[in-house]
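See below for the structure under consideration.
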Amino acid sequence: MPSKVVVGAQWGDEGKGKIIDILASRADVVVRSQGGNNAGHTVESAGEVYKLHLIPSGILYKTTPCLIGCGVVVDPKVLLGEIDGLESRGISCDNLHIDPRAHVIMPWHIALDGLSEKARGASDIGTTHCGIGPCYMDKAERCGIRIYDLVHPEVFAQKAAAVCALKNKLIVNVYDGEAFDAARVIEEYTAYGKRLAKYVTDVSVYAYEAIKTGKNVLFEGAQGALLDIDLGTYPFVTSSHPTAGGATTGTGVGPTCIDEVIGVIKAYTTRVGKGPFPTELLGTTGDEIRNRGNEFGTTTGRPRRTGWFDAVIARHAVRINGLTSVAVNKLDTLADLPELKICTAYKKPDGSITNDFPPTLEELEGCEPIYETVKGFEGDTSACRSFSELPQCAQDYIKEIEKLIDCKVSMVGVGPGREQNIER
Ligand code: GDP
Ligand code: IMO
Ligand code: MG
């Protein structure tokens with residue numbers, strides 16, 4: 001298996017965790033490159049459910065090194081909680097490695113995420129309140145604290161005291177919030193640093209050496225294409241690059257190290273948080289899909305908005321990621337709906353038709369999805385293990401998606417379990 005990047009090709013929660021877990025059985029190394037604990041990746045194996053936020057979804061394989069690259073923002077408290085949670089269930093995290101360049105989510109980032117969302121009022125983004133945006137802001141501003149700093153107490157104390165003083169001014173004077181006690185924060189986070197020191201490794205070197213020596217490296221994307229800070233539905237996006245390019249810059253290897261890019265999509269569309277969603281279903285069909293698909297956020301528990309499959313956004317994802325194939329999850333959820341709709345293009349307010357996702361919200365506004373209606377399929381598909389076992393209308397639905405997005409469907413998910421996957 002050559003180096004593969006797995007990315008979300010909608011608005012996140014497409015089932016990337018499950019696909020990574022499946023592919024990790026054939027991988028030598030798994031690496032996360034962007035995002036933070038805003039991600040919630042579910043892996044189901046042998047009746048056990050694991051919800052991973054920062055640790056790569058390859059962790060269930062005992063001997064597979066799992067790397068957290070320089071592009072990830074790490075909340076040390078959450079990471080240690082996740083390590084402890086996994087180890088208490090008998091999953092060793094000894095094979096975890098964290099790049100010293102990765103930025104640390106500090107408590108003021110979390111506070112500022114909440115305060116800035118509150119200040120936005122009705123125009124809030126609907127973030128996960130994990131401090132993701134404020135942490136990436138500091139990285140771009142060049143005042144961030146990195147994993148290297150965290151595990152070097154003297155460096156950390158000095159940097160944290162200086163940044164805390166600045167952040168307190170912002171929190172108190174601009175947002176009318178409560179100041180942080182720098183000494184207490186330093187004490188608490190120094191303890192986290194002590195525990196995390198043993199995991200620190202140059203991930204760029206580790207991943208590059210692995211690739212050079214013919215090992216199979218699997219890059220695990222978080223979030224999804226439409227949440228990309230540049231190419232998503234800005235400003236209703238996250239603060240990183242969940243697209244394939246983010247896998248290289250966020251790991252520290254070049255694009256020539258990547259052989260395949262797999263986009264993960266659902267057989268319908270979901271979105272959690274605010275922002276445009278052209279094919280959203282606000283009535284009973286949307287509720288039915290939400291309930292059957294158990295569409296509630298892995299990280300925040302929020303109900304996910306649901307809608308029909310949108311080939312316009314999927315084509316956008318194919319283009320901006322250079323997808324070589326897609327995995328379609330949750331086909332089983334659509335069973336027994338009498339008919340299914342697929343959005344093939346958008347009609348613009350001036351009556352013209354576009355096949356391409358508009359670059360700005362202003363241009364997206366007023367666009368109406370154009371649907372084609374196909375026959376639904378009946379019966380439980382969750383036990384199907386080959387494409388030909390699927391009801392004919394389910395096969396036709398997948399083939400129609402494949403045709404509309406002009407990208408091969410290499411996997412079809414029929415349930416949350418590791419084995420509930422059809423490889424084509
Ligand atoms: P991720 O963030 O992309 O890893 O996705 P999440 O884990 O947040 O959400 C996907 C949800 O769908 C999880 O609860 C998975 O267990 C579940 N899931 C994944 N694939 C399938 C599938 O093919 N069928 C069903 N019914 N559930 C699936
Ligand atoms: P996984 O990896 C779905 C959404 C939030 C919000 C926006 C910005 O599980 O697919 P942030 O906290 O990142 O500043 O929030 O992005 N969001 C996700 N939605 N899946 C995710 O991750 C997400 N991570 C962030 O809901 O709309
Ligand atoms: Mg998720």
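Atoms within each ligand, like the ligands themselves, are counted from 1 in listed order. On a predicted model such as this, the values are computed, not experimentally measured, just so you know.
Between H41 and ligand 2, at least one pair of N/O atoms sits closer than 3.5 Å. Looking at D113 next to ligand 2, no N or O pair under 3.5 Å apart turns up. Residue S239 places no N or O, backbone or side chain, under 3.5 Å from any N or O of ligand 2. Looking at ligand 1, you'll find an N or O of G15 within less than 3.5 Å of one of its N or O atoms. Note: an N/O pair closer than 3.5 Å links Q223 and ligand 2 by distance alone.
The protein heavy-atom contact nearest to atom 26 (N) of ligand 1 is D332 OD2, 2.7 Å. With hydrogens left out, the protein atom closest to atom 13 (O) of ligand 2 is T238 OG1, 2.6 Å, a heavy atom. Nearest protein heavy-atom neighbour of atom 15 (O) of ligand 2: T127 CA, 3.3 Å. For atom 19 (N) of ligand 2, the closest non-hydrogen atom on the protein side is V272 CG1, 3.4 Å. The protein heavy-atom contact nearest to atom 7 (O) of ligand 1 is T42 OG1, 2.6 Å. Of all protein heavy atoms, the one closest to atom 10 (C) of ligand 1 is D13 O, 3.7 Å. If you check which protein heavy atom lies closest to atom 16 (O) of ligand 1, you get P416 CB, 3.4 Å. The protein heavy-atom contact nearest to atom 20 (N) of ligand 2 is D13 OD1, 3.2 Å.
Within ligand 2, counting atoms from 1 as listed, the ones closer than 4.0 Å to a heavy atom of L227 are 4 (C), 16 (O), 17 (N), 18 (C), 19 (N). Close contacts between ligand 2 and W11 involve ligand atoms 3 (C), 19 (N) [criterion: under 4.0 Å to a heavy atom]. Those atoms of ligand 2 that come under 4.0 Å of a heavy atom in R302, given as number and element, are 5 (C), 26 (O). Atoms of ligand 1 found under 4.0 Å from any heavy atom of E44, numbered from 1 in the order shown, are 16 (O). Near G17, meaning under 4.0 Å from one of its heavy atoms, ligand 1 places the atoms 4 (O). Applying the 4.0 Å criterion to heavy atoms of G12 picks out, from ligand 2, the atoms 3 (C), 10 (O), 20 (N). Proximity to A222 (heavy-atom distance under 4.0 Å) selects the following atoms of ligand 2: 2 (O). Of all the atoms in ligand 2, the ones that sit under 4.0 Å from a non-hydrogen atom of V237 are 7 (C), 8 (C). Residue E14 approaches ligand 1 through these ligand atoms, each under 4.0 Å from one of its heavy atoms: 3 (O), 5 (O). Here is the list of ligand 1 atoms found below 4.0 Å of a heavy atom in G413: 23 (O). Near T298, the atoms of ligand 1 lying under 4.0 angstrom from a non-hydrogen atom of the residue are 6 (P), 7 (O), 8 (O). Near H41, meaning under 4.0 Å from any of its heavy atoms, are these atoms of ligand 1: 1 (P), 2 (O), 4 (O), 7 (O). The A39 neighbourhood of ligand 2 comprises atoms 1 (P), 2 (O), 9 (O), 22 (O), with distances under 4.0 Å to a heavy atom of that residue. For ligand 2, the atoms lying closer than 4.0 Å to a non-hydrogen atom of T128 are 11 (P), 12 (O), 15 (O).
Judged by the shortest distance from any of its heavy atoms, C130 lies outside the 4.0 Å radius around the atoms of ligand 2. Note on ligand 2: T298 sits outside its first shell, no heavy atom being nearer than 4.0 Å. Remark: distances from the non-hydrogen atoms of G224 to ligand 2 are all 4.0 Å or more. G40 counts as a contact of ligand 1, since one of its heavy atoms falls under 4.0 Å from the ligand. Using a 4.0 Å heavy-atom cutoff, G415 is listed among the residues neighbouring ligand 1. Using a 4.0 angstrom heavy-atom cutoff, K16 counts as in contact with ligand 2.
The closest approach of D13 to the Mg ion (ligand 3), by N/O/S atoms, is made by OD1.
If you take CH2 on W108 and CZ on F180, they are separated by 7.5 Å, rounding to the nearest 0.5 Å. One finds the OG atom of S240 at 8.5 Å from the NZ atom of K139 (value rounded to the nearest 0.5 Å). Atom CG in L60 sits 5.5 Å away from atom CG in D21 (nearest 0.5 Å). Rounding to the nearest 0.5 angstrom, the gap separating the OG atom in S3 from the CZ atom in F219 is 5.5 Å. Note that OG1 of T306 and CD of E280 are 7.0 Å apart. Values are rounded to the nearest 0.5 Å.
With R292, E295, Q420, K330 as candidates, the residue nearest to atom 18 (N) of ligand 1 on a non-hydrogen basis is K330. Among R304, K16, K18, the residue whose heavy atom lies nearest to atom 9 (O) of ligand 1 is R304. Relative to atom 5 (C) of ligand 2, the option among G126, G273, G131 with the closest non-hydrogen atom is G126.
Across all non-hydrogen atoms, the minimal contact from T299 to A39 is OG1-O, 3.2 Å. Minimum heavy-atom separation, V414 to T381: CB-O, 3.5 Å. Across all their heavy atoms, L331 and F377 have their closest contact at O-CZ, 3.3 Å. For the residue pair V261 and A244, the shortest heavy atom distance occurs at CG1-CB, 3.8 Å. The two residues G12 and T270 have their closest heavy-atom pair at O-OG1, 4.2 Å. Minimum interatomic distance between T201 and P100 (heavy atoms only, all atoms of both residues): O-CD, 3.2 Å.
For Q10 (side chain) and K266 (main-chain N/O), a donor-acceptor pair under 3.5 Å exists by modelled atom type. A donor-acceptor distance shorter than 3.5 angstrom exists from the side chain of N38 to the backbone of G36, with no hydrogens or angles considered. Panel note: side chain E389, backbone S386; a donor-acceptor pair is recorded below 3.5 Å. Under the 3.5 Å distance criterion, the side-chain polar atoms of K118 are left unmatched by any main-chain donor or acceptor of D113. Without hydrogens or angle criteria, E82 side chain to I55 main chain gives a donor-acceptor distance under 3.5 Å.
Judged by the 6.0 Å distance and 45° axis criteria, R305 is not positioned over the aromatic ring of F277. Judged by the 6.0 Å distance and 45° axis criteria, R89 is positioned over the aromatic ring of Y50. In this structure, K341 forms a cation-pi arrangement with Y371, its terminal cationic atom sitting closer than 6.0 Å to the ring centre and no more than 45° off the ring axis.
For residue G12, no N/O/S atom approaches the Mg ion (ligand 3) to within less than 2.8 Å.
Of all the heavy atoms of N294, none lies under 4.0 Å from any atom of ligand 1, so neither backbone nor side chain is involved.
For the residue pair E288 / T285, no side-chain donor-acceptor distance below 3.5 Å is found, with atom types taken as modelled.
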- Message: Applying side chain to side chain donor-acceptor pair (under 3.5 Å) to S382 and D380, what does each step give before you reach the verdict?
- Response: CA-CA 6 Å; S382 63; D380 185 4; 2.7 Å; yes
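Of the residues K330, R290, R302, the one that meets the salt bridge (Lys or Arg N to Asp or Glu O under 4.0 Å) test with E295 is K330.
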